[in-house]
Amino acid sequence: MKQNTHPHKSIPTLPAMLKGKCARCRKGNMFKGPFSNVMYEQCDHCGLTFERNPGYFYTAMYVTYVFNVAEIITLGVATSVLSGGSDNPWLYVGIIIPSILLLAPLNYRYSRIIQMYWLDPNLKYKPELSTRERDTPPAKND
């Protein structure tokens with residue numbers, strides 16, 4: 001029989017990202033509610049400070065930009081296809097601008113999550129923190 005080399009249960013990345021969980025332990029919440037964009041200062045489970053240095057989330061603006069470009073292209077193509085190739089610019093503006101404004105809160109939230117999960121080379125998932133009980137003192141912030 002092969003022994004288990006990883007005694008800690010790993011939490012899948014995608015569900016943790018979609019729920020806005022901490023990138024280090026994947027247990028604590030990053031945001032104060034499922035529909036809130038107000039972030040906690042630190043993880044209530046492992047103690048990770050989310051804004052790891054001054055201006056940490058400036059990089060998230062670039063992720064938001066990528067989201068906006070992808071949304072504009074998708075909405076423009078969909079509008080063209082569904083309208084039979086209309087050349088009325090106000091049709092496109094009337095659909096794209098409100099859609100971008102409606103999607104802004106999601107873009108804000110998920111750009112920060114993506115930055116913490118994928119764009120911070122010093123922030124790694126530590127499965128051993130996922131199994132730690134909450135009343136145990138939080139690990140030192142790294």
Side-chain angles (χ1 to χ4, degrees), residues 2-83 85-142:
K2 187 176 181 181
Q3 283 191 334
N4 187 358
T5 56
H6 297 289
H8 306 288
K9 185 179 178 188
S10 181
I11 297 174
T13 304
L14 189 59
M17 287 178 71
L18 291 174
K19 293 176 184 175
K21 298 296 183 180
C22 171
R24 185 168 68 177
C25 70
R26 297 186 187 164
K27 283 283 199 171
N29 292 318
M30 289 176 60
F31 297 92
K32 293 190 176 183
F35 302 108
S36 171
N37 278 338
V38 178
M39 288 187 75
Y40 288 110
E41 287 186 27
Q42 66 181 28
C43 176
D44 63 351
H45 190 81
C46 71
L48 173 72
T49 300
F50 292 129
E51 188 159 357
R52 298 167 53 75
N53 51 49
Y56 177 73
F57 287 114
Y58 283 144
T59 308
M61 291 187 311
Y62 297 108
V63 177
T64 299
Y65 175 76
V66 170
F67 284 165
N68 282 328
V69 169
E71 291 160 2
I72 289 168
I73 291 170
T74 303
L75 288 166
V77 170
T79 302
S80 178
V81 168
L82 294 174
S83 70
S86 174
D87 59 355
N88 180 359
W90 293 110
L91 173 65
Y92 293 92
V93 169
I95 290 174
I96 291 173
I97 299 296
S99 298
I100 293 300
L101 292 174
L102 286 172
L103 291 170
L106 284 174
N107 291 343
Y108 175 86
R109 182 182 183 98
Y110 286 103
S111 66
R112 287 178 171 230
I113 291 170
I114 285 173
Q115 178 177 351
M116 292 195 78
Y117 274 78
W118 292 337
L119 301 177
D120 186 340
N122 299 318
L123 183 58
K124 304 290 182 214
Y125 172 52
K126 296 183 179 176
E128 65 273 11
L129 294 177
S130 299
T131 57
R132 181 184 68 78
E133 293 298 321
R134 284 183 189 239
D135 52 292
T136 308
K140 185 179 178 243
N141 201 19
D142 54 299

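Note: hydrogens, waters and symmetry copies are ignored here, and every other heavy atom, side chains too, is used.
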Quiz item: Does the R26 side chain pair with the main chain of I11, one donor and one acceptor, at a distance under 3.5 Å?
Solution: yes
Quiz item: Do the side chains of L123 and L48 get nearer than 4.5 Å, heavy atoms only?
Solution: yes
Quiz item: Is there side-chain contact between F50 and R112, with at least one heavy-atom pair below 4.5 Å?
Solution: no
Exercise. Name all residues meeting the side-chain hydrogen bond (donor to acceptor under 3.5 Å, both in side chains) criterion together with S36; count only those two or more places apart in sequence or in a different chain, and write none if there are none.
Key: none
Quiz item: Roughly how far, to the nearest 0.5 Å, is OG of S10 from NZ of K126?
Solution: 14.5 Å
Practice problem: Measure from the side-chain N and O atoms of K124 to the backbone N and O of P121, and report whether any donor-acceptor pair falls under 3.5 Å. | Solution: yes
Practice problem: Would you name the heavy atoms of K21 and Y117 that are closest together and state the gap between them? | Solution: O-OH, 2.9 Å
Practice problem: Please report the shortest heavy-atom distance between C46 and C43, naming the atom on each side. | Solution: N-SG, 3.3 Å
Quiz item: Between atom CG of N68 and atom CG of N107, what is the distance when rounded to the nearest 0.5 Å?
Solution: 5.0 Å
Quiz item: Does the side chain of P105 reach to within under 4.5 Å of the side chain of F35, using non-hydrogen atoms?
Solution: no
Quiz item: Is there a donor-acceptor pair closer than 3.5 Å between any side-chain N or O of N29 and the backbone N or O of F31?
Solution: no
Quiz item: How long is the span from the CE atom in M39 to the CZ atom in R109, to the nearest 0.5 Å?
Solution: 9.0 Å
Quiz item: Side chains of R52 and N122: does their closest heavy-atom pair fall under 4.5 Å?
Solution: yes
Self-check item: Distance in Å, I96 CD1 paired with L103 CG, rounded so as to fall on 0.5 Å steps
Solution: 12.0 Å
Quiz item: How about M30 and I113: do any of their side-chain heavy atoms sit closer than 4.5 Å?
Solution: yes
Quiz item: How about Q115 and Y58: do any of their side-chain heavy atoms sit closer than 4.5 Å?
Solution: no
Exercise. Decide if atom CG of D87 counts as having more than 12 heavy atoms of other residues, nucleotides or ligands within a radius under 6.0 Å.
Key: no
Exercise. Could you tell me which residues satisfy side-chain contact (heavy atoms from CB on, under 4.5 Å) with S111, sequence neighbours excluded, listed by chain and number?
Key: A60, V63, T64, F67
Quiz item: Looking at CG of L18 and OG1 of T13, how far apart are the two atoms once the value is rounded to the nearest 0.5 Å?
Solution: 10.5 Å
Quiz item: So how far is it from Y92 OH to L75 CG, rounded to the nearest 0.5 Å?
Solution: 11.5 Å
